[in-house]
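Remarks on the structure that follows.
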Amino acid sequence: MWLVIGLTMILLFNLFNTPQGQNTSMTYSEFWASVENGNINHVTITGEKITGSGQDGRPFYTVTPDDTELIPMLRKSGVDISVREPEETPWYITIFVSWFPMLLLIGVWIFFMRQMQMGGKGGALSFGKTRAKLQEGGETKVTFKDVAGIDEAKEELEEIIDFLRDPQKFTKLGGRIPKGVLLAGSPGTGKTLLARAIAGEAEVPFFSISGSDFVEMFVGVGASRVRDLFTQGKKNAPCIIFIDEIDAVGRHRGAGLGGGHDEREQTLNQLLVEMDGFESNEGVIIIAATNRPDVLDPALLRPGRFDRQVVVPVPDIKGREMILEIYGKKTKLAKDVDLEVIARGTPGFTGADLENLMNEAALMAARGGKKEIDNNQLEMAKDKILMGAERKSMIISDKEKEVTAYHEAGHAIIAKLLPDTDPIHKVTIIPRGRALGLTMQLPIDEKHTHSKSFLLNTICILFGGRIAEKIIFDEITTGAGNDIERATELARKMVCEWGMSDELGPLTYGKKEEQIFLGREISQHRDYSEGTALKIDMAVKGIVLNARDKVEQMLTDNIEILRAVANELLEKETIMLEDIERILEEQSQKDVSPAGLPEGEQPSIA
(Lines give C-alpha, C1' and ligand atoms only; values in the text may rest on other atoms or scores of the structure.)
Protein backbone atom coordinates (compact mmCIF):
# COMPACT_ATOMS: atom_id res chain seq x y z
CA MET A 1 0.00 0.00 0.00
CA TRP A 2 2.78 2.44 0.89
CA LEU A 3 4.64 1.46 -2.32
CA VAL A 4 1.62 2.40 -4.41
CA ILE A 5 1.26 5.73 -2.63
CA GLY A 6 4.99 6.51 -3.06
CA LEU A 7 5.05 5.73 -6.77
CA THR A 8 1.94 7.82 -7.32
CA MET A 9 3.58 10.82 -5.66
CA ILE A 10 6.72 10.41 -7.84
CA LEU A 11 4.58 10.30 -10.99
CA LEU A 12 2.70 13.43 -10.05
CA PHE A 13 5.95 15.24 -9.16
CA ASN A 14 7.48 14.48 -12.53
CA LEU A 15 4.36 15.40 -14.43
CA PHE A 16 4.19 18.81 -12.79
CA ASN A 17 7.91 19.47 -13.25
CA THR A 18 8.18 18.31 -16.90
CA PRO A 19 8.59 21.30 -19.30
CA GLN A 20 5.29 21.96 -20.91
CA GLY A 21 4.38 23.56 -24.22
CA GLN A 22 4.43 27.33 -24.56
CA ASN A 23 1.50 29.65 -24.78
CA THR A 24 1.30 29.82 -28.62
CA SER A 25 0.95 26.83 -30.98
CA MET A 26 1.50 27.27 -34.72
CA THR A 27 0.76 25.05 -37.67
CA TYR A 28 3.47 24.25 -40.20
CA SER A 29 2.21 26.81 -42.74
CA GLU A 30 1.85 29.54 -40.06
CA PHE A 31 5.40 28.82 -38.94
CA TRP A 32 6.86 29.35 -42.45
CA ALA A 33 4.73 32.43 -42.95
CA SER A 34 6.26 33.92 -39.79
CA VAL A 35 9.75 32.99 -40.99
CA GLU A 36 9.21 34.66 -44.37
CA ASN A 37 7.86 37.80 -42.70
CA GLY A 38 10.96 37.96 -40.49
CA ASN A 39 9.02 37.49 -37.24
CA ILE A 40 11.17 34.55 -36.13
CA ASN A 41 14.92 35.03 -35.58
CA HIS A 42 15.85 31.99 -33.47
CA VAL A 43 14.64 28.44 -33.16
CA THR A 44 15.60 25.34 -31.21
CA ILE A 45 15.04 21.94 -32.82
CA THR A 46 14.48 18.98 -30.49
CA GLY A 47 13.43 15.90 -32.41
CA GLU A 48 10.20 16.87 -34.16
CA LYS A 49 9.58 19.89 -31.94
CA ILE A 50 10.55 23.44 -32.93
CA THR A 51 10.61 26.02 -30.18
CA GLY A 52 11.75 29.61 -30.21
CA SER A 53 10.60 33.23 -30.16
CA GLY A 54 9.66 35.87 -32.65
CA GLN A 55 10.66 39.55 -32.95
CA ASP A 56 7.80 40.53 -30.63
CA GLY A 57 9.22 38.23 -28.00
CA ARG A 58 6.24 35.94 -28.04
CA PRO A 59 7.21 32.25 -27.59
CA PHE A 60 5.83 29.63 -29.93
CA TYR A 61 5.68 25.89 -30.24
CA THR A 62 4.93 23.75 -33.29
CA VAL A 63 5.47 20.26 -34.62
CA THR A 64 6.86 19.71 -38.13
CA PRO A 65 7.15 16.61 -40.32
CA ASP A 66 10.50 15.15 -41.21
CA ASP A 67 11.86 17.70 -43.70
CA THR A 68 15.46 17.36 -44.93
CA GLU A 69 15.38 20.88 -46.36
CA LEU A 70 14.22 22.44 -43.06
CA ILE A 71 17.60 23.52 -41.69
CA PRO A 72 18.97 24.93 -44.98
CA MET A 73 15.81 26.91 -45.57
CA LEU A 74 15.89 28.34 -42.06
CA ARG A 75 19.55 29.35 -42.46
CA LYS A 76 18.74 30.90 -45.83
CA SER A 77 16.06 32.98 -44.14
CA GLY A 78 18.60 34.24 -41.55
CA VAL A 79 17.20 32.30 -38.58
CA ASP A 80 19.64 31.15 -35.92
CA ILE A 81 19.37 27.41 -35.27
CA SER A 82 20.32 25.34 -32.27
CA VAL A 83 19.78 21.60 -32.02
CA ARG A 84 19.16 19.57 -28.83
CA GLU A 85 18.84 15.90 -28.18
CA PRO A 86 15.29 14.93 -27.11
CA GLU A 87 14.92 14.32 -23.36
CA GLU A 88 14.31 10.72 -22.47
CA THR A 89 11.53 9.81 -20.02
CA PRO A 90 12.97 8.38 -16.75
CA TRP A 91 12.88 4.59 -16.62
CA TYR A 92 10.93 4.47 -13.39
CA ILE A 93 8.20 6.65 -14.86
CA THR A 94 7.87 4.31 -17.81
CA ILE A 95 7.66 1.28 -15.55
CA PHE A 96 5.16 2.95 -13.23
CA VAL A 97 2.86 4.02 -16.07
CA SER A 98 2.82 0.50 -17.48
CA TRP A 99 2.33 -1.20 -14.12
CA PHE A 100 0.07 1.37 -12.45
CA PRO A 101 -3.30 -0.41 -13.14
CA MET A 102 -1.93 -3.69 -11.75
CA LEU A 103 -0.50 -1.98 -8.65
CA LEU A 104 -3.81 -0.23 -8.07
CA LEU A 105 -5.73 -3.51 -8.16
CA ILE A 106 -3.25 -5.12 -5.77
CA GLY A 107 -3.58 -2.20 -3.34
CA VAL A 108 -7.40 -2.39 -3.36
CA TRP A 109 -7.25 -6.16 -2.79
CA ILE A 110 -4.87 -5.74 0.17
CA PHE A 111 -7.17 -3.06 1.70
CA PHE A 112 -10.27 -5.24 1.60
CA MET A 113 -8.40 -8.28 2.92
CA ARG A 114 -7.22 -6.26 5.93
CA GLN A 115 -10.76 -5.00 6.55
CA MET A 116 -12.10 -8.54 6.50
CA GLN A 117 -9.42 -9.66 8.95
CA MET A 118 -10.36 -6.85 11.36
CA GLY A 119 -13.82 -8.42 11.76
CA GLY A 120 -15.58 -7.06 14.85
CA LYS A 121 -12.93 -4.43 15.47
CA GLY A 122 -14.54 -1.90 13.16
CA GLY A 123 -13.82 -3.39 9.74
CA ALA A 124 -15.82 -2.49 6.68
CA LEU A 125 -17.38 -5.97 6.57
CA SER A 126 -18.00 -6.30 10.32
CA PHE A 127 -21.65 -5.20 10.39
CA GLY A 128 -22.73 -8.81 10.96
CA LYS A 129 -20.48 -9.21 14.01
CA THR A 130 -21.72 -8.78 17.55
CA ARG A 131 -21.08 -5.52 19.37
CA ALA A 132 -21.13 -7.09 22.81
CA LYS A 133 -18.40 -5.99 25.20
CA LEU A 134 -16.56 -8.83 26.88
CA GLN A 135 -15.43 -8.53 30.48
CA GLU A 136 -13.45 -11.24 32.13
CA GLY A 137 -14.49 -12.30 35.61
CA GLY A 138 -13.46 -9.85 38.29
CA GLU A 139 -12.85 -6.87 35.98
CA THR A 140 -15.90 -4.97 37.27
CA LYS A 141 -15.47 -3.38 40.69
CA VAL A 142 -19.21 -3.38 41.48
CA THR A 143 -20.34 -6.27 43.69
CA PHE A 144 -23.49 -7.26 45.55
CA LYS A 145 -22.27 -5.20 48.50
CA ASP A 146 -22.97 -2.11 46.38
CA VAL A 147 -26.59 -3.16 45.80
CA ALA A 148 -29.26 -2.56 48.48
CA GLY A 149 -33.01 -2.36 48.78
CA ILE A 150 -33.73 -5.30 46.43
CA ASP A 151 -32.77 -8.30 48.56
CA GLU A 152 -35.13 -10.78 46.86
CA ALA A 153 -33.70 -10.03 43.42
CA LYS A 154 -30.18 -10.39 44.80
CA GLU A 155 -30.99 -13.82 46.23
CA GLU A 156 -32.22 -15.17 42.91
CA LEU A 157 -29.19 -13.86 41.08
CA GLU A 158 -26.78 -15.13 43.75
CA GLU A 159 -28.16 -18.59 43.03
CA ILE A 160 -27.05 -18.23 39.41
CA ILE A 161 -23.60 -17.16 40.54
CA ASP A 162 -23.39 -20.24 42.79
CA PHE A 163 -24.36 -22.48 39.87
CA LEU A 164 -21.63 -21.03 37.67
CA ARG A 165 -19.07 -21.57 40.41
CA ASP A 166 -20.22 -25.08 41.41
CA PRO A 167 -22.68 -26.57 38.87
CA GLN A 168 -22.49 -30.09 40.36
CA LYS A 169 -24.19 -28.83 43.51
CA PHE A 170 -27.40 -28.42 41.48
CA THR A 171 -27.04 -30.98 38.69
CA LYS A 172 -26.46 -33.96 40.97
CA LEU A 173 -30.06 -33.61 42.15
CA GLY A 174 -31.38 -33.44 38.59
CA GLY A 175 -31.87 -29.69 38.54
CA ARG A 176 -30.83 -27.30 35.81
CA ILE A 177 -30.09 -23.63 35.95
CA PRO A 178 -32.54 -21.30 34.18
CA LYS A 179 -31.49 -20.42 30.66
CA GLY A 180 -32.67 -16.87 30.99
CA VAL A 181 -33.47 -14.39 33.73
CA LEU A 182 -35.54 -11.27 32.99
CA LEU A 183 -35.06 -8.29 35.29
CA ALA A 184 -38.22 -6.18 35.21
CA GLY A 185 -38.72 -2.96 37.11
CA SER A 186 -39.25 0.77 36.89
CA PRO A 187 -36.47 2.98 35.49
CA GLY A 188 -33.77 3.67 38.05
CA THR A 189 -34.46 0.69 40.33
CA GLY A 190 -31.04 -0.85 39.70
CA LYS A 191 -31.41 -3.44 36.93
CA THR A 192 -28.20 -2.52 35.15
CA LEU A 193 -26.44 -2.12 38.50
CA LEU A 194 -27.45 -5.69 39.35
CA ALA A 195 -25.97 -6.90 36.07
CA ARG A 196 -22.72 -5.08 36.80
CA ALA A 197 -22.70 -6.68 40.26
CA ILE A 198 -23.11 -10.12 38.65
CA ALA A 199 -20.12 -9.36 36.43
CA GLY A 200 -18.15 -8.42 39.53
CA GLU A 201 -19.18 -11.50 41.51
CA ALA A 202 -19.03 -14.18 38.83
CA GLU A 203 -15.59 -15.42 37.90
CA VAL A 204 -16.73 -16.10 34.34
CA PRO A 205 -16.71 -14.09 31.09
CA PHE A 206 -19.49 -11.50 30.94
CA PHE A 207 -20.89 -10.16 27.64
CA SER A 208 -22.93 -6.93 27.80
CA ILE A 209 -24.94 -5.48 24.91
CA SER A 210 -27.97 -3.26 24.37
CA GLY A 211 -31.08 -4.41 22.57
CA SER A 212 -30.76 -1.57 20.08
CA ASP A 213 -27.30 -2.82 19.00
CA PHE A 214 -28.91 -5.74 17.16
CA VAL A 215 -31.17 -3.79 14.84
CA GLU A 216 -29.82 -2.07 11.73
CA MET A 217 -31.35 -0.79 8.50
CA PHE A 218 -30.17 -3.90 6.62
CA VAL A 219 -32.38 -6.97 6.85
CA GLY A 220 -30.57 -9.89 8.43
CA VAL A 221 -27.87 -7.92 10.24
CA GLY A 222 -29.59 -8.27 13.63
CA ALA A 223 -30.03 -12.03 13.21
CA SER A 224 -26.39 -12.33 12.17
CA ARG A 225 -25.28 -10.46 15.28
CA VAL A 226 -27.40 -12.72 17.49
CA ARG A 227 -25.78 -15.80 15.95
CA ASP A 228 -22.31 -14.34 16.39
CA LEU A 229 -23.08 -13.37 20.00
CA PHE A 230 -24.06 -16.92 20.93
CA THR A 231 -21.11 -18.32 19.01
CA GLN A 232 -18.79 -16.18 21.09
CA GLY A 233 -20.71 -17.24 24.22
CA LYS A 234 -20.23 -20.95 23.44
CA LYS A 235 -16.49 -20.41 22.96
CA ASN A 236 -16.27 -18.77 26.40
CA ALA A 237 -18.77 -21.01 28.23
CA PRO A 238 -19.65 -20.96 31.03
CA CYS A 239 -20.48 -17.29 30.64
CA ILE A 240 -23.21 -14.68 31.11
CA ILE A 241 -24.77 -12.59 28.35
CA PHE A 242 -26.52 -9.42 29.53
CA ILE A 243 -28.96 -7.71 27.12
CA ASP A 244 -30.06 -4.29 28.36
CA GLU A 245 -33.40 -2.82 27.21
CA ILE A 246 -34.46 -6.04 25.51
CA ASP A 247 -37.85 -4.52 24.66
CA ALA A 248 -36.09 -2.72 21.78
CA VAL A 249 -35.92 -6.05 19.95
CA GLY A 250 -38.32 -8.30 21.88
CA ARG A 251 -41.69 -6.58 21.31
CA HIS A 252 -44.77 -8.49 20.18
CA ARG A 253 -44.55 -9.84 16.66
CA GLY A 254 -47.25 -9.13 14.12
CA ALA A 255 -48.07 -5.70 15.48
CA GLY A 256 -49.27 -4.45 12.10
CA LEU A 257 -46.21 -2.41 11.17
CA GLY A 258 -43.53 -3.99 9.00
CA GLY A 259 -43.95 -7.07 6.84
CA GLY A 260 -42.58 -10.57 7.16
CA HIS A 261 -39.08 -9.25 6.50
CA ASP A 262 -39.22 -6.73 9.33
CA GLU A 263 -35.68 -6.51 10.71
CA ARG A 264 -36.79 -6.39 14.35
CA GLU A 265 -38.92 -9.52 14.01
CA GLN A 266 -36.15 -11.40 12.20
CA THR A 267 -33.79 -10.54 15.03
CA LEU A 268 -36.31 -11.70 17.64
CA ASN A 269 -36.88 -14.97 15.77
CA GLN A 270 -33.16 -15.69 15.76
CA LEU A 271 -32.92 -14.87 19.47
CA LEU A 272 -35.76 -17.31 20.21
CA VAL A 273 -34.02 -20.06 18.25
CA GLU A 274 -30.65 -19.47 19.91
CA MET A 275 -32.14 -19.50 23.42
CA ASP A 276 -34.11 -22.72 22.99
CA GLY A 277 -33.76 -24.34 19.59
CA PHE A 278 -32.21 -27.51 18.20
CA GLU A 279 -28.72 -26.48 19.21
CA SER A 280 -27.95 -26.51 22.90
CA ASN A 281 -26.32 -23.53 24.55
CA GLU A 282 -25.27 -25.11 27.81
CA GLY A 283 -23.25 -22.88 30.04
CA VAL A 284 -24.59 -19.69 28.42
CA ILE A 285 -26.97 -17.81 30.72
CA ILE A 286 -28.97 -14.88 29.34
CA ILE A 287 -29.86 -12.00 31.67
CA ALA A 288 -32.03 -9.25 30.21
CA ALA A 289 -33.44 -6.03 31.63
CA THR A 290 -36.52 -4.03 30.70
CA ASN A 291 -38.99 -1.62 32.25
CA ARG A 292 -41.78 -2.74 29.89
CA PRO A 293 -42.27 -6.51 30.35
CA ASP A 294 -45.88 -6.15 29.20
CA VAL A 295 -44.84 -5.45 25.59
CA LEU A 296 -42.53 -8.47 25.23
CA ASP A 297 -43.48 -11.35 22.95
CA PRO A 298 -45.03 -14.31 24.84
CA ALA A 299 -42.64 -16.75 23.14
CA LEU A 300 -39.75 -14.93 24.77
CA LEU A 301 -41.20 -15.36 28.26
CA ARG A 302 -42.09 -19.05 28.15
CA PRO A 303 -40.19 -21.64 30.24
CA GLY A 304 -37.05 -22.77 28.49
CA ARG A 305 -36.15 -19.24 27.44
CA PHE A 306 -36.64 -16.69 30.18
CA ASP A 307 -37.48 -19.16 32.91
CA ARG A 308 -37.42 -16.56 35.65
CA GLN A 309 -38.80 -13.08 35.81
CA VAL A 310 -37.22 -11.20 38.68
CA VAL A 311 -39.07 -8.05 39.68
CA VAL A 312 -36.74 -5.26 40.77
CA PRO A 313 -39.10 -3.13 42.90
CA VAL A 314 -38.93 0.43 44.12
CA PRO A 315 -37.18 0.19 47.50
CA ASP A 316 -39.15 0.49 50.74
CA ILE A 317 -38.17 2.72 53.66
CA LYS A 318 -35.50 0.33 54.96
CA GLY A 319 -34.17 -0.22 51.48
CA ARG A 320 -33.95 3.53 50.88
CA GLU A 321 -32.03 3.96 54.12
CA MET A 322 -29.56 1.23 53.10
CA ILE A 323 -29.10 2.80 49.66
CA LEU A 324 -28.45 6.20 51.24
CA GLU A 325 -25.85 4.58 53.50
CA ILE A 326 -24.06 3.08 50.48
CA TYR A 327 -23.89 6.41 48.65
CA GLY A 328 -23.17 8.21 51.91
CA LYS A 329 -19.95 6.22 52.29
CA LYS A 330 -18.71 7.73 49.05
CA THR A 331 -19.23 11.27 50.40
CA LYS A 332 -18.30 13.14 53.57
CA LEU A 333 -21.41 13.01 55.77
CA ALA A 334 -21.59 14.74 59.13
CA LYS A 335 -21.87 12.43 62.12
CA ASP A 336 -25.27 13.78 63.17
CA VAL A 337 -26.93 13.11 59.80
CA ASP A 338 -30.15 11.13 60.23
CA LEU A 339 -30.63 9.11 57.05
CA GLU A 340 -33.82 7.52 58.43
CA VAL A 341 -35.61 10.88 58.25
CA ILE A 342 -34.45 11.35 54.66
CA ALA A 343 -35.61 7.81 53.82
CA ARG A 344 -39.05 8.52 55.33
CA GLY A 345 -39.36 11.71 53.31
CA THR A 346 -38.58 10.08 49.97
CA PRO A 347 -41.40 7.58 49.30
CA GLY A 348 -41.35 6.32 45.73
CA PHE A 349 -37.69 7.24 45.20
CA THR A 350 -35.64 4.72 43.23
CA GLY A 351 -31.96 4.00 43.72
CA ALA A 352 -31.09 6.45 40.94
CA ASP A 353 -33.20 9.16 42.63
CA LEU A 354 -31.43 8.62 45.94
CA GLU A 355 -28.03 8.77 44.27
CA ASN A 356 -29.09 12.03 42.67
CA LEU A 357 -30.26 13.35 46.05
CA MET A 358 -26.89 12.59 47.67
CA ASN A 359 -25.07 14.18 44.74
CA GLU A 360 -27.21 17.34 44.92
CA ALA A 361 -26.50 17.60 48.65
CA ALA A 362 -22.76 17.29 48.00
CA LEU A 363 -22.91 20.02 45.36
CA MET A 364 -24.85 22.32 47.67
CA ALA A 365 -22.34 21.75 50.48
CA ALA A 366 -19.45 22.50 48.10
CA ARG A 367 -21.11 25.71 46.89
CA GLY A 368 -21.62 26.78 50.49
CA GLY A 369 -17.98 26.14 51.41
CA LYS A 370 -18.89 23.29 53.79
CA LYS A 371 -16.44 20.55 54.66
CA GLU A 372 -19.22 18.03 55.41
CA ILE A 373 -22.76 17.29 54.26
CA ASP A 374 -25.22 17.91 57.07
CA ASN A 375 -28.99 17.50 57.47
CA ASN A 376 -29.70 20.95 56.02
CA GLN A 377 -28.08 20.13 52.69
CA LEU A 378 -29.90 16.79 52.50
CA GLU A 379 -33.24 18.47 53.25
CA MET A 380 -32.60 21.18 50.66
CA ALA A 381 -31.61 18.58 48.07
CA LYS A 382 -34.75 16.55 48.81
CA ASP A 383 -36.96 19.64 48.51
CA LYS A 384 -35.29 20.59 45.24
CA ILE A 385 -35.95 17.16 43.73
CA LEU A 386 -39.51 16.89 45.03
CA MET A 387 -40.68 20.48 44.60
CA GLY A 388 -38.15 22.15 42.32
CA ALA A 389 -35.56 24.83 42.97
CA GLU A 390 -36.48 27.93 44.98
CA ARG A 391 -37.45 30.87 42.79
CA LYS A 392 -36.11 33.59 45.07
CA SER A 393 -35.92 36.12 42.26
CA MET A 394 -39.65 35.84 41.52
CA ILE A 395 -41.49 39.06 42.34
CA ILE A 396 -44.79 38.43 44.17
CA SER A 397 -47.14 41.16 45.37
CA ASP A 398 -48.17 41.31 49.02
CA LYS A 399 -51.72 40.38 48.07
CA GLU A 400 -50.63 37.25 46.21
CA LYS A 401 -48.32 36.29 49.03
CA GLU A 402 -51.16 36.60 51.54
CA VAL A 403 -53.50 34.50 49.37
CA THR A 404 -50.80 31.84 49.04
CA ALA A 405 -50.25 31.82 52.81
CA TYR A 406 -53.95 31.20 53.54
CA HIS A 407 -54.08 28.62 50.74
CA GLU A 408 -51.23 26.56 52.19
CA ALA A 409 -52.52 27.09 55.74
CA GLY A 410 -55.84 25.57 54.65
CA HIS A 411 -54.07 22.46 53.35
CA ALA A 412 -52.01 22.14 56.53
CA ILE A 413 -54.90 22.55 58.99
CA ILE A 414 -57.13 20.00 57.26
CA ALA A 415 -54.22 17.54 57.07
CA LYS A 416 -53.62 18.06 60.81
CA LEU A 417 -57.21 17.85 62.01
CA LEU A 418 -58.36 14.85 59.94
CA PRO A 419 -57.49 11.35 61.19
CA ASP A 420 -55.86 8.66 59.05
CA THR A 421 -53.62 11.07 57.13
CA ASP A 422 -49.87 11.39 56.72
CA PRO A 423 -48.27 13.84 59.18
CA ILE A 424 -47.25 17.27 57.95
CA HIS A 425 -43.53 17.74 57.46
CA LYS A 426 -43.16 21.25 56.05
CA VAL A 427 -45.27 24.14 54.76
CA THR A 428 -43.72 26.89 52.63
CA ILE A 429 -44.83 29.87 50.58
CA ILE A 430 -41.47 30.19 48.81
CA PRO A 431 -42.13 29.58 45.09
CA ARG A 432 -40.66 26.33 43.85
CA GLY A 433 -40.95 25.08 40.30
CA ARG A 434 -44.39 26.08 39.03
CA ALA A 435 -45.99 26.31 42.48
CA LEU A 436 -46.22 29.46 44.59
CA GLY A 437 -46.31 27.38 47.78
CA LEU A 438 -46.29 23.78 48.96
CA THR A 439 -47.46 21.62 51.84
CA MET A 440 -45.40 18.45 52.29
CA GLN A 441 -46.61 15.42 54.21
CA LEU A 442 -44.28 12.74 55.51
CA PRO A 443 -45.66 9.17 55.74
CA ILE A 444 -44.70 7.21 58.84
CA ASP A 445 -44.98 3.74 57.32
CA GLU A 446 -44.72 2.40 53.79
CA LYS A 447 -48.23 2.05 52.32
CA HIS A 448 -49.09 -0.41 49.58
CA THR A 449 -52.88 -0.12 49.78
CA HIS A 450 -55.11 2.77 50.75
CA SER A 451 -58.46 2.66 52.54
CA LYS A 452 -61.55 4.52 51.38
CA SER A 453 -61.38 6.86 54.37
CA PHE A 454 -57.76 7.73 53.54
CA LEU A 455 -58.72 8.57 49.96
CA LEU A 456 -61.68 10.72 51.07
CA ASN A 457 -59.47 12.56 53.54
CA THR A 458 -56.89 13.12 50.79
CA ILE A 459 -59.56 14.79 48.66
CA CYS A 460 -60.49 16.96 51.64
CA ILE A 461 -56.86 18.03 52.06
CA LEU A 462 -56.69 18.96 48.37
CA PHE A 463 -59.70 21.25 48.81
CA GLY A 464 -58.31 22.91 51.94
CA GLY A 465 -56.53 25.64 49.94
CA ARG A 466 -59.50 26.60 47.74
CA ILE A 467 -61.94 26.77 50.66
CA ALA A 468 -59.51 28.83 52.79
CA GLU A 469 -59.28 31.43 50.00
CA LYS A 470 -63.07 31.56 49.71
CA ILE A 471 -63.66 31.97 53.46
CA ILE A 472 -61.04 34.68 54.05
CA PHE A 473 -61.25 36.72 50.83
CA ASP A 474 -64.72 35.74 49.60
CA GLU A 475 -62.99 35.06 46.27
CA ILE A 476 -61.35 32.12 44.54
CA THR A 477 -58.20 32.04 42.39
CA THR A 478 -56.56 29.79 39.84
CA GLY A 479 -54.08 28.57 42.44
CA ALA A 480 -56.21 25.49 43.18
CA GLY A 481 -56.20 24.26 39.58
CA ASN A 482 -53.88 21.34 40.18
CA ASP A 483 -55.64 20.48 43.48
CA ILE A 484 -59.01 20.22 41.76
CA GLU A 485 -57.57 18.14 38.93
CA ARG A 486 -56.02 15.65 41.34
CA ALA A 487 -59.16 15.47 43.49
CA THR A 488 -61.37 14.81 40.46
CA GLU A 489 -59.03 12.13 39.12
CA LEU A 490 -58.87 10.42 42.51
CA ALA A 491 -62.66 10.47 42.87
CA ARG A 492 -63.12 9.02 39.37
CA LYS A 493 -60.69 6.19 40.12
CA MET A 494 -62.61 5.44 43.33
CA VAL A 495 -65.78 5.05 41.30
CA CYS A 496 -64.55 3.48 38.05
CA GLU A 497 -61.52 1.41 39.05
CA TRP A 498 -61.73 0.58 42.74
CA GLY A 499 -65.49 0.03 43.14
CA MET A 500 -65.86 2.41 46.10
CA SER A 501 -69.25 3.83 45.11
CA ASP A 502 -72.29 2.54 47.01
CA GLU A 503 -74.61 3.44 44.11
CA LEU A 504 -72.62 1.80 41.31
CA GLY A 505 -71.27 -1.12 43.29
CA PRO A 506 -67.97 -3.03 43.06
CA LEU A 507 -67.63 -2.85 39.28
CA THR A 508 -64.98 -1.56 36.91
CA TYR A 509 -66.14 0.91 34.29
CA GLY A 510 -64.13 1.62 31.17
CA LYS A 511 -61.58 -0.59 29.41
CA LYS A 512 -58.20 0.74 28.35
CA GLU A 513 -57.16 0.14 24.75
CA GLU A 514 -53.47 -0.16 24.02
CA GLN A 515 -51.37 -0.39 20.88
CA ILE A 516 -48.90 -3.20 21.31
CA PHE A 517 -46.38 -1.69 18.91
CA LEU A 518 -46.46 1.67 20.64
CA GLY A 519 -46.56 0.08 24.07
CA ARG A 520 -48.78 2.70 25.65
CA GLU A 521 -52.40 3.46 26.38
CA ILE A 522 -53.98 5.52 23.61
CA SER A 523 -57.69 5.53 24.41
CA GLN A 524 -60.39 4.53 26.90
CA HIS A 525 -63.14 2.24 25.69
CA ARG A 526 -66.59 2.85 27.16
CA ASP A 527 -68.21 -0.47 27.95
CA TYR A 528 -71.24 1.04 29.71
CA SER A 529 -74.41 2.82 28.69
CA GLU A 530 -75.21 6.53 28.66
CA GLY A 531 -77.34 6.08 31.76
CA THR A 532 -74.41 4.51 33.61
CA ALA A 533 -72.12 7.31 32.41
CA LEU A 534 -74.52 9.82 33.97
CA LYS A 535 -74.50 7.89 37.25
CA ILE A 536 -70.69 7.81 37.22
CA ASP A 537 -70.55 11.57 36.76
CA MET A 538 -73.02 12.09 39.60
CA ALA A 539 -71.07 9.74 41.90
CA VAL A 540 -67.78 11.51 41.20
CA LYS A 541 -69.39 14.89 41.68
CA GLY A 542 -70.98 13.74 44.94
CA ILE A 543 -67.63 12.63 46.40
CA VAL A 544 -65.97 15.91 45.50
CA LEU A 545 -68.82 18.15 46.72
CA ASN A 546 -69.16 16.26 50.02
CA ALA A 547 -65.43 16.75 50.63
CA ARG A 548 -65.75 20.44 49.80
CA ASP A 549 -68.66 20.95 52.22
CA LYS A 550 -66.86 19.08 54.98
CA VAL A 551 -63.72 21.19 54.56
CA GLU A 552 -65.70 24.42 54.50
CA GLN A 553 -67.36 23.55 57.80
CA MET A 554 -64.06 22.60 59.45
CA LEU A 555 -62.22 25.75 58.37
CA THR A 556 -65.14 27.98 59.33
CA ASP A 557 -65.17 26.48 62.83
CA ASN A 558 -61.38 26.85 63.14
CA ILE A 559 -60.90 30.19 61.44
CA GLU A 560 -58.68 31.53 64.24
CA ILE A 561 -56.26 28.66 63.79
CA LEU A 562 -56.31 29.34 60.05
CA ARG A 563 -55.40 32.99 60.60
CA ALA A 564 -52.66 32.10 63.09
CA VAL A 565 -51.01 29.57 60.74
CA ALA A 566 -51.23 32.00 57.79
CA ASN A 567 -49.64 34.80 59.83
CA GLU A 568 -46.84 32.43 60.87
CA LEU A 569 -46.24 31.63 57.21
CA LEU A 570 -46.19 35.30 56.22
CA GLU A 571 -43.62 35.94 58.93
CA LYS A 572 -41.31 32.92 58.47
CA GLU A 573 -42.21 31.79 54.90
CA THR A 574 -41.49 28.17 55.91
CA ILE A 575 -42.86 26.40 58.97
CA MET A 576 -42.50 22.84 60.24
CA LEU A 577 -44.83 20.44 62.06
CA GLU A 578 -43.60 21.73 65.42
CA ASP A 579 -44.78 25.26 64.55
CA ILE A 580 -48.28 24.06 63.66
CA GLU A 581 -48.50 22.00 66.86
CA ARG A 582 -47.41 25.04 68.89
CA ILE A 583 -50.16 27.16 67.30
CA LEU A 584 -52.76 24.49 68.03
CA GLU A 585 -51.53 24.33 71.65
CA GLU A 586 -51.80 28.11 72.00
CA GLN A 587 -55.32 28.09 70.60
CA SER A 588 -56.38 25.26 72.89
CA GLN A 589 -55.16 27.29 75.87
CA LYS A 590 -57.48 30.08 74.71
CA ASP A 591 -60.35 27.57 74.96
CA VAL A 592 -60.77 27.48 71.22
CA SER A 593 -61.61 23.85 70.61
CA PRO A 594 -60.84 22.81 67.02
CA ALA A 595 -63.96 21.63 65.29
CA GLY A 596 -64.25 18.59 63.14
CA LEU A 597 -63.44 16.29 66.08
CA PRO A 598 -65.64 14.71 68.76
CA GLU A 599 -66.60 17.17 71.49
CA GLY A 600 -63.94 17.58 74.13
CA GLU A 601 -61.24 15.87 72.03
CA GLN A 602 -58.16 17.82 70.98
CA PRO A 603 -55.98 17.06 67.99
CA SER A 604 -53.19 14.70 68.85
CA ILE A 605 -49.73 16.18 69.02
CA ALA A 606 -47.13 13.66 67.92
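Heavy atoms only: backbone and side chains are in, while hydrogens, waters and symmetry mates are out. Since this is a predicted model, take the numbers as computed values, not measurements.
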* Considering only heavy atoms from C-beta outward, does the side chain of T350 approach that of L354 to under 4.5 Å? -> no
* Asked: With a 4.5 Å heavy-atom cut-off, do V181 and I286 have their side chains touching?
  -> no
* Do the side chain of Q377 and the main chain of A365 share a donor and acceptor less than 3.5 angstrom apart? -> no
* Side-chain heavy-atom pair T574, V427 within 4.5 angstrom cut-off -> no
* **Side-chain ion pair, E568 and R582, N-O less than 4.0 Å** => yes
* **Cationic N near anionic O, under 4.0 Å, D483 to R466** => no
* Asked: Does CZ belonging to R302 count more than 12 external heavy atoms closer than 6.0 Å?
  -> yes
Please table the atom pairs, donor to acceptor, closer than 3.5 Å between any side-chain atom in residues 326-345 and protein atoms at least two apart or in another chain.
residue: T331; atom: OG1; partner: G328; partner atom: O; Å: 3.1
residue: D338; atom: OD1; partner: E340; partner atom: N; Å: 3.2

* Ion pair check, K401 and E573, cut-off under 4.0 Å -> yes
* Asked: So, D557 and Q553: side-chain donor and acceptor under 3.5 Å apart, yes or no?
  -> yes
* Could you tell me how the ring of F454 sits relative to the ring of H450: parallel (under 30°), tilted (30 to 60°) or perpendicular (over 60°)? => parallel
* Structure fact -> Between L504 and Y509 the two heavy atoms that sit nearest each other are O-OH, 2.9 Å
* For residues S186 and N291, is any side-chain donor paired with an opposing acceptor at under 3.5 Å? -> no
* Asked: What's the shortest heavy-atom distance between M358 and L378, and which atoms?
  -> SD-CD2, 3.9 Å
